[in-house]
Q: 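Once you've had a glance at the structure underneath, I'll fire off some questions.
Counting begins at 1 with the first residue of the sequence. Computed from a predicted model, the values in this text were never measured in an experiment. Values below: every heavy atom of this structure, side chains too, minus hydrogens, waters and symmetry copies.
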Amino acid sequence: MYNITFQQLEFFFTVAETKYFYKAAEALFVSQPDISKWISRLENEVGVKLFKRTYYGVTLTPQGSYLYSKCYPLYNRFCRVIENTKNINDNVNEYIRVGCLNSYGGINTMNNYVRRFQDMHPEVVVYEELYEYNELNQLLLSGKVDVTFTTSFAVNGLSNITCKNIARTDLFIALPITHPLASEENVQLGQLIDETFCILAPEIVQSGTDRLLDMCIKHGFYPKNVRYVPNISTLVLLLKQGVGVTVCGKIAEDPEIKMYPIEELNETTYEVLAWRTNELSRAAQEFVDMVRD
């Protein structure tokens with residue numbers, strides 16, 4: 001049994017994202033020695049080094065990158081569960097379960113609609129959870145969430161699923177701010193011919209992977225190097241670390257990532273609300289009707 005605390009994980013995630021112990025200490029309002037102590041304890045408990053120390057800060061080791069990619073979504077979800085638990089009213093009988101793609105655009109859209117719904121229906125408890133593409137679809141199909149905020153290409157072709165388009169999803173070229181092209185006013189996809197592309201793994205969302213590769217081919221090249229990642233959180237982290245580039249929707253508001261809008265080639269992608277056809281509770285139906293309006 002591993003003796004790992006949530007505080008250790010929070011310190012680990014913050015150091016991974018800031019790349020400096022002192023920046024992590026400032027973000028968490030603790031001292032730098034405290035950060036170093038807890039990271040050392042975590043490394044001792046796991047039995048591997050999680051960071052490479054350099055004069056310019058720290059970077060994740062392969063083991064650290066793997067731990068981050070697997071644990072961060074679970075940690076994020078657990079924090080959501082705690083918040084939802086605190087908000088439960090003993091006298092409330094109605095609730096809806098809202099799943100959301102763990103992305104910048106999806107979270108903002110969900111939060112806006114949930115706030116609006118709760119203003120209209122304070123008697124209903126809304127449970128909000130963040131997931132990656134494949135898990136979100138599985139939960140929707142199995143009835144473990146009532147509605148989901150996701151992207152149109154992720155749910156196209158799913159049986160017994162109805163969708164409502166919410167807003168068009170623009171596509172962007174995403175680069176580390178340290179990339180030589182990040183100083184340019186505009187960047188075209190054809191300029192990335194020699195770059196490493198960080199892409200969500202096909203088992204996460206096959207249609208999204210195929211779409212990105214097709215776009216590159218239509219611009220006259222196939223990526224020379226592809227690094228598949230297990231989730232959006234890892235994609236953002238690798239971009240910040242300068243590992244590669246990608247084409248994506250609005251995944252982050254981060255000063256370490258530069259995003260250039262591009263035109264969709266063959267299809268228009270939307271943020272959508274999805275639900276199981278004719279299988280909504282009264283509260284979930286009211287939520288869907290509100291989004292429709």
Q: Any side-chain to backbone donor/acceptor pair from Thr246 onto Cys248? Under 3.5 Å, distance only.
A: no
Q: Could you tell me whether the side chain of Ile166 reaches within less than 4.5 Å of the side chain of Tyr113, counting heavy atoms only?
A: yes
Q: Above 12 or not: heavy atoms from other molecules or residues under 6.0 Å from CD of Gln7?
A: yes
Q: Any donor-acceptor pair under 3.5 Å linking the side-chain atoms of His121 with those of Glu94?
A: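 Note: Glu94 and His121 side chains miss the donor-acceptor criterion.
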Q: Under 6.0 Å from the OH atom of Tyr222, do we count more than 12 heavy atoms belonging to anything else shown?
A: no
Q: Kindly compute the distance separating CG (Leu140) from CD1 (Ile161), expressed to the nearest 0.5 Å.
A: 4.0 Å
Q: Check whether any side-chain heavy atom of Gln63 lies under 4.5 Å from a side-chain heavy atom of Lys49, and answer yes or no.
A: no
Q: So, Ser40 side chain and Ser36 main chain: donor-acceptor pair closer than 3.5 Å or not?
A: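 Yes.
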Q: Using a 3.5 Å distance criterion without hydrogens, assess whether the side chain of Thr14 forms a donor-acceptor pair with backbone atoms of Glu10.
A: yes
Q: I need the Lys144 NZ to Glu129 CD distance, nearest 0.5 Å.
A: 13.0 Å
Q: What's the verdict on side chain to side chain contact (heavy atoms under 4.5 Å, CB included) for Trp275 and Cys163, showing C-alpha distance, side-chain angles and the deciding distance?
A: CA-CA 7 Å; Trp275 64 92; Cys163 297; 5.8 Å; no
Q: Can you tell me how far the CD1 atom of Ile35 sits from the CZ atom of Phe11, to the nearest 0.5 Å?
A: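 Rounded to the nearest 0.5 Å, the CD1-CZ separation comes to 4.5 Å.
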Q: To the nearest 0.5 Å, tell me how far Asp146 CG sits from Arg276 CZ.
A: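 The distance works out to 6.0 Å.
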Q: Ring centroid separation for Tyr95 and Tyr127, is it under 6.0 angstrom?
A: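 Yes, close enough.
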Q: Are the side chain of Asp170 and the backbone N or O of Ile262 linked by a donor-acceptor pair below 3.5 Å?
A: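 Absent.
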Q: Would you call Val245 and Cys198 a side-chain contact if the rule is heavy atoms closer than 4.5 Å?
A: no
Q: Of all the heavy-atom pairs spanning Leu200 and Asn231, show the shortest one and how long it is.
A: CD2-C, 3.5 Å
Q: Give the C-alpha distance, both sets of side-chain angles, the deciding distance and a yes or no for side chain to side chain contact (heavy atoms under 4.5 Å, CB included) between Arg41 and Glu45.
A: CA-CA 6 Å; Arg41 287 182 179 178; Glu45 189 66 33; over 6 Å; no
Q: Hey, could you give me the CG/CG distance between Asn186 and Leu181, rounded to the nearest 0.5 Å?
A: 11.5 Å
Q: I need the minimum non-hydrogen distance between Leu238 and Arg227, along with the two atoms involved.
A: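 Taking every non-hydrogen atom into account, CD1-NE, 3.7 Å.
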Q: Hydrophobic clusters here meaning ILVMFWY residues chained together by side-chain heavy-atom distances under 4.5 Å, can you tell me if Leu74 and Leu9 are in one?
A: no
Q: Under 4.5 Å between side-chain heavy atoms, hopping through other hydrophobics if needed: is there a path connecting Ile177 to Leu239?
A: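 Per the 4.5 Å side-chain linkage, Ile177 and Leu239 are not co-clustered.
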Q: Report yes if the side chains of Val126 and Gln118 come closer than 4.5 Å at any heavy-atom pair, otherwise no.
A: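 Yes, their side chains come closer than 4.5 Å.
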Q: Stepwise, does the ring pair (Phe, Tyr, Trp, His ring centres under 6.0 Å) test hold for Phe172 with Tyr260?
A: CA-CA 5 Å; Phe172 298 84; Tyr260 294 91; 9.5 Å; no
Q: Which heavy atom of Arg53 sits nearest a heavy atom of Phe21, and at what distance?
A: NH2-CZ, 3.8 Å
Q: Please check if any side-chain donor atom of Ser233 sits under 3.5 Å from a side-chain acceptor atom of Asn102, or the reverse.
A: yes
Q: Taking the side chain as everything from C-beta on, heavy atoms only, tell me whether Glu132 gets closer than 4.5 Å to Ile232.
A: yes
Q: Verify the distance criterion only: is there a donor paired with an acceptor across the side chains of Thr162 and Thr277 at less than 3.5 Å?
A: yes
Q: Quick one: pull up CD in Glu195 and CZ in Phe221 and give me the separation to the nearest 0.5 Å.
A: 9.0 Å
Q: Measure from the side-chain N and O atoms of Ser152 to the backbone N and O of Tyr270, and report whether any donor-acceptor pair falls under 3.5 Å.
A: yes
Q: Would you say the side-chain atoms of Thr109 and Glu271 include a donor-acceptor pair closer than 3.5 Å?
A: yes
Q: Under the side chain to side chain contact (heavy atoms under 4.5 Å, CB included) rule, what do Val46 and Ile4 come out as? Steps first, then yes or no, please.
A: CA-CA 9 Å; Val46 176; Ile4 297 173; 4.1 Å; yes
Q: Begin from the C-alpha positions of Glu256 and Lys19 and carry the test salt bridge (Lys or Arg N to Asp or Glu O under 4.0 Å) through to its verdict.
A: CA-CA 11 Å; Glu256 295 182 68; Lys19 296 187 284 189; 3.1 Å; yes
Q: Within the 3.5 Å criterion, strictly below it, is a donor on Asn134 or Gln138 matched to an acceptor on the partner's side chain?
A: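 Side-chain D/A pair, Asn134 to Gln138: absent.
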Q: Is the Tyr68 ring parallel, tilted or perpendicular to the Tyr72 ring (thresholds 30°, 60°)?
A: parallel
Q: For a side chain to side chain contact (heavy atoms under 4.5 Å, CB included) check, start with the C-alpha distance between Thr151 and Leu101, then their side-chain angles and the critical distance, and finish with the verdict.
A: CA-CA 8 Å; Thr151 57; Leu101 184 64; 4.1 Å; yes
Q: Looking only at non-hydrogen atoms, find the nearest pair between Lys240 and Glu17 and report the distance.
A: NZ-O, 3.3 Å
Q: For Phe153, is the NZ or CZ atom of Arg211 found under 6.0 angstrom from the centre of its six-membered ring and inside 45 degrees of the ring axis?
A: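 Yes, cation above the ring, under 6.0 Å and within 45°.
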Q: Scan Phe78, Phe12, Trp38 and name whichever one has a ring pair (Phe, Tyr, Trp, His ring centres under 6.0 Å) with Phe6.
A: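 Among Phe78, Phe12, Trp38, the one that satisfies the ring pair (Phe, Tyr, Trp, His ring centres under 6.0 Å) with Phe6 is Phe78.
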Q: Tell me whether the count of non-hydrogen atoms from other residues, nucleotides or ligands lying under 6.0 Å of NZ in Lys37 goes above 12.
A: yes
Q: Please determine whether the number of non-hydrogen atoms from other residues, nucleotides or ligands lying under 6.0 Å from atom CG of Asn278 exceeds 12.
A: no
Q: Please examine the side chains of Phe51 and Glu43, heavy atoms only from C-beta on, and report whether any two atoms are closer than 4.5 Å.
A: yes
Q: Are Met215 and Ile217 joined in one hydrophobic group, where the rule is that I, L, V, M, F, W and Y side chains link up if heavy atoms are under 4.5 Å apart?
A: yes
Q: Do other residues, nucleotides or ligands put more than 12 heavy atoms under 6.0 Å from Tyr66 OH?
A: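 Not more than 12 within 6.0 Å, no.
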Q: Whether the Ser31 and Asp34 side chains hold a donor-acceptor pair (N or O, under 3.5 Å, no angle test) is what I'd like checked.
A: yes
Q: A side-chain contact here means heavy atoms from C-beta on lying under 4.5 Å apart; do Glu286 and Phe117 qualify?
A: yes
Q: To check you understand the geometry: which heavy-atom pair defines the closest contact between Lys258 and Ala182, and what is its length?
A: NZ-O, 2.8 Å
Q: Does the side chain of Leu273 reach to within under 4.5 Å of the side chain of Asn165, using non-hydrogen atoms?
A: no
Q: Nearest heavy-atom pair of Phe287 and Ile96: which atoms, and what distance?
A: CD1-CD1, 3.5 Å
